[in-house]
Amino acid sequence: MEAAVRNYWTSVRGRLARESARLLCRRPFRINTQVAVISFSFDDFPRSALLAGGRILGRYGARGTYYASLGLMGKQGPPGPMFLLEDLRRLLDQGHDLGCHTFGHCHSLNTPPAAFERSVIENQLALGQLLPGASFRTLAYPISPPRPGTKRRAGRHFLCCRGGGRFQAFNDGVADLNCLSAFFLEKSRDNPDAVKALIDRNVSARGWLIFATHDVSDSPSPYGCTPRFFEDVVHYAVNSGARILPVAQACEELTRKRG
Ligand SMILES: [Zn+2]
């Protein structure tokens, strides 16, 4: 019984967090494009996201966005070995997009907004020391939907901020640059048809679909997917008629003033 009550409150708290992340401290913009857009992003990020995932994207002439917590560099995480400095250099050389995931991989709900912002700044400073001149232009919130105050503070530093996997949707109509929806591929890795149906819906709605995952490996962690599944999705996305753009470039193009 106690466990049931605890589960109930956990689920209420989760729903409230999702709703406040969705409704408050928004930076609205209307998606108005003739051709749908799809972005591929990787969180944390494990080496395999670049070595396997990036190679697949490259085969199709596409580029991805890698959300790095520099505090995780060289460490071992749940999705496998994390990126090394040489991977950061390689991804920029290959034309991929580097995004911020906070220095300390801060929990977006449990971390007070001021501490979250400090970790955003710390990540930028660390990047400037490792790769002078490089900067993060977009952010992905780690672990959970953000607090409204975190959205407000993070939003000041970036072109746009991407939400976590709980949203599992594409962006259309009036979207929120402080918390864009994303679709985490690992949650449907046993159901490629569902992912393809989502790609089709995004094309019809002329929306912006942002995929996310972690490792790309033949024996993936619960947070990743296999190269075969990933390539199947990339192949379908490329042939869907949508434009495949890294998050920062998509954001710049979609928010550019027209006329
Ligand atoms: Zn993460």
Looking at [X] and [Y], would you say the former's side chain and the latter's main chain have a donor-acceptor pair under 3.5 Å?
| X | Y | result |
| --- | --- | --- |
| T65 | P246 | no |
| N239 | H235 | yes |
| N178 | C161 | no |
| S119 | A115 | no |
| R26 | C179 | no |
| R153 | G149 | no |
| T150 | P146 | no |
| R243 | I38 | no |
| D97 | G64 | no |
| S108 | P142 | yes |

Give me each pair satisfying side chain to side chain donor-acceptor pair (under 3.5 Å) with a member in residues 124-137, each pair once, sequence neighbours excluded.
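Of all non-adjacent pairs touching residues 124-137, those that pass side chain to side chain donor-acceptor pair (under 3.5 Å) are R137-E252.
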So does F229 have more than 12 non-hydrogen atoms from other groups sitting under 6.0 Å from CZ?
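Yes, enclosed.
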Exceeds 12 heavy-atom contacts within 6.0 angstrom, atom CZ of R59
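Result for CZ/R59: enclosed.
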What pairs of donor and acceptor atoms, side-chain ones from residues 69-80 against any protein atom, are under 3.5 angstrom apart with sequence neighbours left out?
residue, atom, partner, partner atom, Å
S69, OG, H101, O, 2.9
S69, OG, T102, O, 2.9
K75, NZ, G71, O, 3.0

Ring centroids only, cut at 6.0 angstrom: are F230 and F40 within range, meaning strictly under it?
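Between F40 and F230, which both carry aromatic rings, the centre distance is below 6.0 Å.
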Check whether [X] and [Y] end up in the same hydrophobic cluster, where Ile, Leu, Val, Met, Phe, Trp and Tyr are linked by side-chain heavy atoms less than 4.5 Å apart.
| X | Y | result |
| --- | --- | --- |
| I56 | Y236 | yes |
| L198 | V238 | yes |
| Y223 | V195 | no |
| L91 | L51 | no |

Taking the side chain as every heavy atom from C-beta outward, state whether [X] and [Y] have any atom pair closer than 4.5 Å.
| X | Y | answer |
| --- | --- | --- |
| D172 | N202 | no |
| I210 | S181 | no |
| L209 | F183 | yes |
| R162 | D43 | yes |
| E231 | Y60 | yes |
| F42 | V216 | yes |
| M82 | F45 | no |

Closest heavy-atom pair and its distance - [X], [Y]:
| X | Y | value |
| --- | --- | --- |
| C106 | T111 | CB-OG1, 3.6 Å |
| P220 | G224 | CB-C, 3.7 Å |
| G58 | R63 | CA-NH1, 3.9 Å |
| V203 | A242 | CG2-CB, 4.2 Å |
| P148 | C25 | O-SG, 3.4 Å |
| G163 | F184 | O-CE1, 4.4 Å |

Please determine, by modelled atom types, if T226 and D218 share a side-chain donor-acceptor pair under 3.5 angstrom.
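Absent: no donor and acceptor within the cut-off.
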Going by atom types alone, do R206 and Q34 pair a side-chain donor with an acceptor below 3.5 Å?
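There is such a pair between these side chains.
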Could you give the distance from [atom1] ([X]) to [atom2] ([Y]), rounded to the nearest 0.5 Å?
| X | Y | atom1 | atom2 | answer |
| --- | --- | --- | --- | --- |
| S48 | H214 | OG | NE2 | 11.0 Å |
| D176 | R27 | CG | CZ | 8.0 Å |
| L254 | N32 | CG | CG | 9.5 Å |
| N171 | I31 | CG | CD1 | 5.0 Å |
| F83 | L50 | CZ | CG | 11.0 Å |
| L159 | F136 | CG | CZ | 13.5 Å |

Hydrophobic clusters join Ile, Leu, Val, Met, Phe, Trp and Tyr when side-chain heavy atoms are under 4.5 Å apart, directly or via other members; which others share one with L84?
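None; L84 is a cluster of one.
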For the pair [X] and [Y], find out whether any cationic side-chain nitrogen is under 4.0 Å from an anionic carboxylate oxygen.
| X | Y | result |
| --- | --- | --- |
| R152 | E117 | no |
| K196 | D232 | yes |
| R90 | D87 | yes |

Please report the C-alpha distance between C100 and F158 in whole Å, then the side-chain angles of each, then the deciding distance to 0.1 Å, and finally whether the side chain to side chain contact (heavy atoms under 4.5 Å, CB included) criterion is met.
CA-CA 9 Å; C100 177; F158 300 105; 3.7 Å; yes
Starting from the C-alpha separation in whole Å, work towards a yes-or-no answer on side chain to side chain contact (heavy atoms under 4.5 Å, CB included) for F211 and S41.
CA-CA 6 Å; F211 283 122; S41 64; 5.9 Å; no
Non-neighbouring partners of [X] that pass side-chain hydrogen bond (donor to acceptor under 3.5 Å, both in side chains), sequence neighbours left out:
| X | value |
| --- | --- |
| N191 | none |
| Y66 | none |
| T138 | Y67 |

Could you point out which residue of N123, L139, I121 forms a side chain to side chain contact (heavy atoms under 4.5 Å, CB included) with H157?
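In the set N123, L139, I121, the residue that makes a side chain to side chain contact (heavy atoms under 4.5 Å, CB included) with H157 is I121.
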Do L109 and I143 pass the side chain to side chain contact (heavy atoms under 4.5 Å, CB included) test, and can you show the C-alpha distance, the side-chain angles, and the key distance before you say yes or no?
CA-CA 8 Å; L109 187 63; I143 306 173; over 6 Å; no
